[in-house]
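Notes to accompany the following structure.
Given the structure is predicted, the values throughout are model-derived calculations rather than measurements. Residue numbers run from 1 in the order of the sequence given.
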Amino acid sequence: MNLNAPGSDPASPVCSAKACRADAVWVLAWNNPKLHTPERRKTWLACEEHREHLSQFLGVRGFLKDVVKLDEWDASPSVERGED
């Protein structure tokens with residue numbers, strides 16, 4: 001077993017892309033204005049490989065609000081987060 005393989009640490013956050021188990025590096029903050037208050041932020045996590053694809057998926061729907069490095073997101077002041 002390769003302990004340095006992506007997703008090898010069960011405590012580390014993983015990418016939200018379907019079937020991807022790679023370690024997350026990015027937070028994609030989004031909001032569906034038909035369902036959520038303007039300040040609410042739902043989140044998806046993304047690895048380097050899937051950041052652009054997931055960003056485009058949310059972006060074409062007008063949902064994407066921000067893309068931030070995971071370590072910066074964890075250190076940022078709290079906003080109303082509905083993390084998924």
Quick one: are L28 and V67 in side-chain contact, heavy atoms under 4.5 Å?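 Yes, close enough: below the 4.5 Å cut-off.
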Pairwise side-chain contact, F57 with W44, heavy-atom cut-off 4.5 Å (strictly under):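 In short, these two side chains touch, coming nearer than 4.5 Å.
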Please collect all salt bridge (charged side-chain N to carboxylate O under 4.0 Å, His left out) contacts where either partner lies in residues 62-73, sequence neighbours excluded, each pair once. E48-K69
Taking every non-hydrogen atom, the tightest pair across [X] and [Y]:
X	Y	answer
P38	R41	O-NH1, 2.8 Å
A46	R51	CB-CA, 3.8 Å
L64	A29	CD1-O, 3.7 Å
P13	L70	CG-CD2, 3.8 Å
C47	C15	N-SG, 3.4 Å
A17	L54	N-CD1, 4.0 Å

Parallel under 30°, tilted from 30 to 60°, perpendicular over 60°: which one fits the rings of F63 and W30? parallel
Check: S16 side chain, L45 main-chain N or O, donor-acceptor pair, under 3.5 Å: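 At least one qualifying donor-acceptor pair exists.
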Distance in Å, K18 NZ paired with C20 SG, rounded so as to fall on 0.5 Å steps: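 If we round to the nearest 0.5 Å, K18:NZ and C20:SG are 13.0 Å apart.
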What residues, two or more places apart in sequence or in another chain, satisfy side-chain hydrogen bond (donor to acceptor under 3.5 Å, both in side chains) together with Q56?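 side-chain hydrogen bond (donor to acceptor under 3.5 Å, both in side chains) check on Q56 returns E52.
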